[in-house]
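Each remark here refers to the structure printed beneath this line.
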Amino acid sequence: MTTSLLSDLKIHFSQAIAEAFGADYANHDPAVAPSKDAKFGDYQCNAALGLTKKLKQKPQDVAAKIIANFLTDDSINDIFETPTIAGAGFINLKLKLSYIESHLAKMQKSDRLAIAKVDQPERVIVDFSSPNIAKEMHVGHLRSTIIGDSIARILEFQGHDVLRLNHVGDWGTQFGMLITYLREVYPDALTKADAIAIGDLVELYRAAKKRFDEDENFKEISRAAVVELQAGEPTAKLAWQLLCEQSRREFQKIYDALNIQLTERGESFYNSYLSNVITDLRETGLLQEDQGALCVFLEGFSNKDGQPLPLIVQKSDGGYNYATTDLAALRYRIREDKATRIIYITDIGQSGHFAQVFQVATRANWIPETVQTTHVPFGLVMGEDGKKFKTRSGDTVALKSLLEEAIARARTDIEIRNPEATEEFKQDVAEAVGLGAVKYADLSQNRTSNYIFSFDKMLALQGNTAPYMLYAYVRVQGIGRKGEIDFASLDAAIKLTTDPEIILAKHLLQFAEAIDAVAEELYPNRLCQYLFELSQKFNQFLEQCPVLQAVEAEKISRLSLCDITAKTLKLGLSLLGIRVLERM
């Protein structure tokens, strides 16, 4: 059993090709996809054209042989009309109305909308969010956090064992710098919990960084403080713990607001494993010394002089860097966590870094063939002026203030539309709409692109926005209240008689395919686009097909369609980390 009809079709056509032309063709791409034009049916297999040259046969003859073997599976005949061949051997498939109706009935009765879990669950690590201690989370962390959460939710829904890791920046030179500065200006912060607010800590970090960049003596003392910390000196370690705990509590407020679950495992976790990285690389013969530093010279990367670029794993002063930590983390995740798929979600600027880390780990034979490592890059958040999104003073936008403003704007809209509602209702709707709008606006973009952040657009009730999806769901609940319908008790045969019903029904059947696409390709906007089109098709169905006014059998059937649509919207939005509302 597979998770979607499309994945089933790919398997069936692959088997048919192998049976028709021999085992040598068992791995030939079946080239199966949903039809782009409804006049050609619902699915197409375009494998015949690719096989024509190899087999030296006409594409129509190749297609006919594929169909003959495809139809030997009786279950196929219950799902599709007889396949047809068009043009240069394109095999067109049209779903039987009886199958659509029976599958919709299964969806209605299932909490999972009749979507099976994967047969072979994987141990997957999703590395996302990863803010830095003593700094506020900013708009850049928004993308990593919600893209990572959505990917994790989808993989979990499929049945995979997902470890959500927050690789927090909690180690390194910045702590020596900050501890040294606080010893001078605010020593209480290094010995007492909550002695300093996170906003003040951020300002002190900036001041410390300025001193570090300008004062050589301060820089030397800071580096000595890092050595103390790494050696476990008690006062340095206590100061580090207090700083981490203060930041951690602030991060958690944002994660709670966004309903994000994470397991924190910061850079410091891997500190004891860094020397093993050096030992392993030396034993494999990859390690070379260059100007006192230990490094691996990379293949396919060169400096401005055309010489091979080194990836430094131990600096000339004996210290380690991000690459060393990421290599140690990768080894640990494969050897100790037993991960078979590791996904890193960071900005696109780190693509080169991860390509280098993966190359070194591969050449060191740390990544077995059974393990897949993937960097999932994302673009910048831009202001409406087309420049990098910043505050008026030129600072990076703090994520906390951005989320608060989204909720406040949604609240203002609710006050206008529903002034008689209770305070509790207004605030609940404002939080669901405001936070949902921010999440959806980001996830609906192709993640590799930059996108323009606009509160007005993301909070609009029309277009590809969270409020538009939420309103489609609310419309179903409104129908239920108006007709005093208990959707849970609906148990009647679904009969599709009009084009809007059939169009909506076929789209509902493609929900599993949208989930599969995101799980495989790691682009959440595929699911957003599916839900947007579902909302459009549902609204068109409501405009053209009376529900509560229809005759009884037709009424029950259409109510069932409404119910399945609402369940699909609710589940789909939950996989994006967005909760629905019963009323708006």
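Position 1 is the first residue of the sequence, and the numbers go up from there.
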Distance under 6.0 Å and angle within 45° of the ring axis: does R447 meet both against Y523? yes
Side chains of D456 and S454: do they bring a donor and an acceptor to under 3.5 Å? no
Between the side chains of S7 and S4, does any donor sit under 3.5 Å from an acceptor? yes
Under a 3.5 Å threshold, yes or no: a donor from one side chain and an acceptor from the other, between S268 and D170? yes
Walk me through whether Q241 and E245 qualify under side-chain hydrogen bond (donor to acceptor under 3.5 Å, both in side chains). CA-CA 6 Å; Q241 288 171 336; E245 189 54 41; over 6 Å; no
Is any side-chain N of the basic residue among K506 and D42 closer than 4.0 Å to the acidic one's carboxylate O? yes
Determine whether a donor-acceptor pair (N or O, by modelled atom type, separation under 3.5 Å) exists between the side chain of S150 and the backbone of I147. no
Report yes or no: do T498 and E501 form a side-chain donor-acceptor pair below 3.5 Å? yes
Report the relative orientation of the aromatic rings in F354 and Y344; use parallel for angles under 30°, tilted for 30 to 60°, perpendicular for over 60°. tilted
Distance under 6.0 Å and angle within 45° of the ring axis: does R112 meet both against F157? yes
Take a 6.0 Å sphere around CD of E336 and say whether it holds more than 12 heavy atoms from other residues, nucleotides or ligands. yes
Under 4.0 Å between a Lys/Arg side-chain N and an Asp/Glu carboxylate O for R333 and D337? no
Considering only heavy atoms from C-beta outward, does the side chain of I348 approach that of L380 to under 4.5 Å? no
Are any of the side-chain nitrogens in R153 or E156 under 4.0 Å away from the carboxylate oxygens of its partner? no
Salt bridge or not for R411 and E423, using N-O below 4.0 Å? yes
Could you check whether D256 and Q252, counting side-chain N and O atoms only, form a donor-acceptor pair closer than 3.5 Å? yes
Does atom CD (Q549) have a neighbourhood of more than 12 heavy atoms from anything else shown, all under 6.0 Å? yes
State plainly whether the residues D149 and R164 are in salt-bridge range, i.e. N to O under 4.0 Å. yes
Do Y468 and N539 pair up side chain to side chain, a donor and an acceptor below 3.5 Å, judged on atom types alone? yes
Should D111 and K567 be marked as a salt bridge (charged side-chain N to carboxylate O under 4.0 Å, His left out) after you check the CA-CA gap, both sets of side-chain angles, and the distance that decides it? CA-CA 8 Å; D111 291 339; K567 287 178 175 176; over 6 Å; no
Is the CZ atom of R417 crowded by more than 12 outside heavy atoms at less than 6.0 Å? yes
Go through the steps for Y181 and Y205 under the test ring pair (Phe, Tyr, Trp, His ring centres under 6.0 Å), then give the verdict. CA-CA 8 Å; Y181 189 72; Y205 181 92; over 10 Å; no
Derivation and outcome, salt bridge (charged side-chain N to carboxylate O under 4.0 Å, His left out), residues R579 and D428: CA-CA 11 Å; R579 68 180 174 96; D428 183 57; 2.7 Å; yes
Does a donor on one side chain sit under 3.5 Å from an acceptor on the other, for D516 and Q158? yes
For atom CD of E521, decide whether the heavy atoms of other residues, nucleotides or ligands shown that lie under 6.0 angstrom number more than 12. yes
Side-chain contact test, heavy atoms from C-beta onward, threshold under 4.5 Å: evaluate it for V381 versus N450 and give yes or no. no
Please examine the side chains of L178 and I133, heavy atoms only from C-beta on, and report whether any two atoms are closer than 4.5 Å. no
Measure from the side-chain N and O atoms of S130 to the backbone N and O of N166, and report whether any donor-acceptor pair falls under 3.5 Å. no
Anything under 30° is parallel, anything over 60° is perpendicular, the rest tilted; go ahead and classify Y530 against H507. parallel
Residues that H141 engages under ring-ring contact (aromatic ring centres under 6.0 Å, His included), provided they are two or more places apart: H138
E431 versus Q427, side-chain donor and acceptor atoms under 3.5 Å: yes
Would the number of heavy atoms belonging to other residues, nucleotides or ligands and lying under 6.0 Å from NZ of K426 be above 12? yes
Pair Y451, N446: side-chain N/O donor-acceptor within cut-off below 3.5 Å: no
Ignoring hydrogens and geometry, is there a side-chain-to-backbone donor-acceptor pair from S535 to L531 under 3.5 Å? yes
Is a side-chain N or O of D486 found less than 3.5 angstrom from the main chain of A488, in a donor-acceptor match? yes
Heavy-atom donor-acceptor pair, E513 side chain to L5 backbone, under 3.5 Å: no
Closer than 4.0 angstrom, basic N to acidic O: yes or no for K495 and E554? no
Contact summary for V438 and I146, nearest pair of heavy atoms: O-CD1, 4.3 Å
Audit row: T340, E122, side-chain hydrogen bond (donor to acceptor under 3.5 Å, both in side chains) steps and yes/no: CA-CA 6 Å; T340 54; E122 290 187 87; 3.2 Å; yes
Could you tell me whether the side chains of E582 and Y473 share a donor-acceptor contact shorter than 3.5 Å? yes
Within the 3.5 Å criterion, strictly below it, is a donor on Y255 or S129 matched to an acceptor on the partner's side chain? yes
For D200, does the CG atom have more than 12 heavy-atom neighbours from other residues, nucleotides or ligands under 6.0 Å away? yes
Note: V547 and K555 closest approach over all heavy atoms is O-CG, 3.4 Å
Side chain to side chain donor-acceptor pair (under 3.5 Å) test vs T346 passes for just one of H167, H353, H375, namely H375
Closest heavy-atom contact between I479 and L548? O-CD1, 3.8 Å
In sequence, state the C-alpha distance, the side-chain angles, and the governing distance for E136 and K400, and then conclude on salt bridge (charged side-chain N to carboxylate O under 4.0 Å, His left out). CA-CA 8 Å; E136 283 188 290; K400 182 181 177 182; over 6 Å; no
Can you find a heavy atom in the side chain of R143 that is under 4.5 Å from one in the side chain of Q445? yes
